[in-house]
Amino acid sequence: MYAQMVRSDAASVRSIEEMEPRERAFQQRIDEGQKIEPKDWMPEGYRRTLIRQISQHAHSEIVGQLPEGNWITRAPTLERKAILLAKVQDEAGHGLYLYCAAETLGISRDEMYDQLHSGRAKYSSIFNYPTLSWADIGCIGWLVDGAAIMNQVPLQRCSYGPYARAMVRICKEESFHQRQGYDILVTMCRKGSDQQRAMVQNALDRWWWPSLMMFGPPDTDSVHSAQSMAWKIKQNSNDELRQKFVDETVPQAKYLGLVIPDPELAWNEERGAHDFGEPDWNEFLAVLNGNGPCNRERLGARRAAWADGAWYREGLMAHAHKRVAGVAAE
Ligand code: 3HC
């Protein structure tokens with residue numbers, strides 16, 4: 001039901017000497033730090049890579065509303081409810097900016113939705129896990145949005161102009177999302193009861209490893225990283241960003257009095273970074289292949305939303321056709 005993980009269309013990077021003149025000039029523009037805009041010539045692989053990444057990113061924002069939307073009616077106070085509602089709406093907005101950015105590359109929104117609904121397109125693995133308690137909402141903000149920021153701040157410098165510009169606003173909003181999540185956990189851990197602290201620890205135990213998987217497979221197994229980095233779509237490798245995330249998150253967990261569920265986690269003086277254990281990559285592959293705890297539920301919800309909106313889309317189209325016919329008759 002879900003796209004398979006390994007589909008290599010950009011595994012090897014060609015040297016500048018191997019490129020034809022047009023492609024060489026394109027690569028030189030990238031190397032000089034120039035932005036590529038929609039009407040510029042670009043290699044087909046660059047276009048395909050961007051459509052793949054931006055549409056996956058957009059789908060992640062849209063599907064990402066589901067685990068949190070589940071808690072809007074159960075947020076513990078009116079203030080928390082209003083904040084969560086705003087956050088979930090932000091995610092919808094991010095999806096829309098990103099679909100617009102992808103459209104500039106020559107794919108239609110309908111095609112992208114169709115890829116999602118038919119299971120041909122991926123979305124972030126993280127959203128196939130359930131939100132079991134209010135502490136999960138805190139952990140999503142802290143860890144999931146935290147990992148998203150770590151990955152997305154460098155995307156503001158992506159070589160493709162429309163994607164880079166969309167990321168500026170998205171990153172600002174993601175920072176607020178991260179802080180709202182951490183704030184929930186500060187309240188629960190520092191002012192809450194033993195039971196609430198246990199609830200947070202339980203949530204961290206479940207969200208830690210899936211959050212590390214958000215950065216993608218290890219560099220040795222990453223199909224697209226080398227070419228995407230040569231094209232400056234990605235600025236950092238999956239492992240580099242995962243390491244940065246661990247290093248930033250460990251002190252935050254300590255402040256909350258939580259234990260990161262990794263017995264191999266230790267400060268490495270020589271590297272000036274944390275050593276940490278290996279995520280369960282078999283679990284990651286299972287989730288990517290449609291067998292995570294909530295894959296069917298998530299896709300089912302998106303398909304149902306699309307079907308439920310058919311009458312509205314038809315109404316809009318009928319209105320648009322009438323207007324066009326009216327203008328033509330004048
Ligand atoms: N979940 C699902 N699929 C994943 C994945 C993950 N966590 N990590 C990697 N993959 C997929 C890739 O898409 C690729 O599949 P494909 O060939 O069918 O497209 C395959 O696994 C191999 O991985 P690579 O490392 O070769 O792929 P990339 O170079 O594209 O790197 C990435 C993966 C780091 C996720 C990169 O695509 C990226 O930076 N994307 C933009 C950011 C993004 O999409 N973030 C989603 C996070 S959630 C979010 O933003 C919502 C927010 O509100 C929290």
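Whatever order the structure lists ligands and atoms in, that order sets their numbers, starting from 1. These numbers come from a predicted model, not from an experiment. The residues of the chain are indexed from 1 along the displayed sequence.
Heavy-atom separations between Pro217 and ligand 1 include at least one value shorter than 4.0 Å. Using a non-hydrogen distance threshold of 4.0 Å, Glu174 registers as a contact of ligand 1.
Close approach to Gly216 involves these atoms of ligand 1, each under 4.0 Å from a residue heavy atom: 8 (N), 9 (C). For ligand 1, the atoms closer than 4.0 angstrom to any heavy atom of Asp145 are 53 (O), 54 (C). Below 4.0 Å from some heavy atom of Asn151 lie the following atoms of ligand 1, by number and element: 34 (C), 38 (C), 39 (O), 41 (C), 42 (C). Under a 4.0 Å criterion applied to the non-hydrogen atoms of Tyr163, ligand 1 contributes the atoms 41 (C). For ligand 1, the atoms lying closer than 4.0 Å to a non-hydrogen atom of Phe215 are 34 (C).
When heavy-atom distances to ligand 1 are checked against a 4.0 Å cut-off, Asn238 comes that close only through its side chain, counted from C-beta outward. For Ala148, every heavy-atom contact with ligand 1 shorter than 4.0 Å involves the side chain, none the backbone. In Gln53, the part holding a heavy atom less than 4.0 Å from any atom of ligand 1 is the side chain. At a heavy-atom cutoff of 4.0 Å, ligand 1 is contacted by the backbone of Tyr123 but not by its side chain.
With Trp306 as the aromatic partner, Arg303 does not meet the cation-pi criteria of under 6.0 angstrom to the ring centre and within 45 degrees of the ring axis.
When only interatomic distances are considered, the shortest N/O to N/O separation between Arg52 and ligand 1 falls below 3.5 Å. Note: an N/O pair closer than 3.5 Å links Gln152 and ligand 1 by distance alone. Between Leu155 and ligand 1, not a single N/O pair is under 3.5 Å apart. Looking at His94 next to ligand 1, no N or O pair under 3.5 Å apart turns up. The distance criterion of under 3.5 Å between nitrogen or oxygen atoms is not met by Phe127 with respect to ligand 1.
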Kindly determine whether Glu174 and Lys87 satisfy salt bridge (charged side-chain N to carboxylate O under 4.0 Å, His left out), including the steps that lead there.
-> CA-CA 9 Å; Glu174 295 293 7; Lys87 179 185 186 244; 6.0 Å; no
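Ring-plane geometry between His94 and Tyr97 is classed as tilted, the angle between the planes lying from 30 to 60 degrees on a 0 to 90 degree scale. Note on ring orientation: taking the six-membered ring where Trp is involved, the planes of Trp208 and Phe245 are parallel (angle under 30°, cut-offs 30° and 60°).
For the residue pair Tyr99 / His59, a side-chain donor-acceptor distance below 3.5 Å is found, with atom types taken as modelled.
A distance-only check finds no donor-acceptor pair linking the side chain of Asp275 to the backbone of Trp267 [under 3.5 Å].
A salt bridge links Arg169 and Glu173; the closest N-O separation between the charged side-chain nitrogens and carboxylate oxygens is under 4.0 Å.
Nearest heavy atom pair, residue Gly277 against residue Glu264, reads CA-OE1, 3.7 Å.
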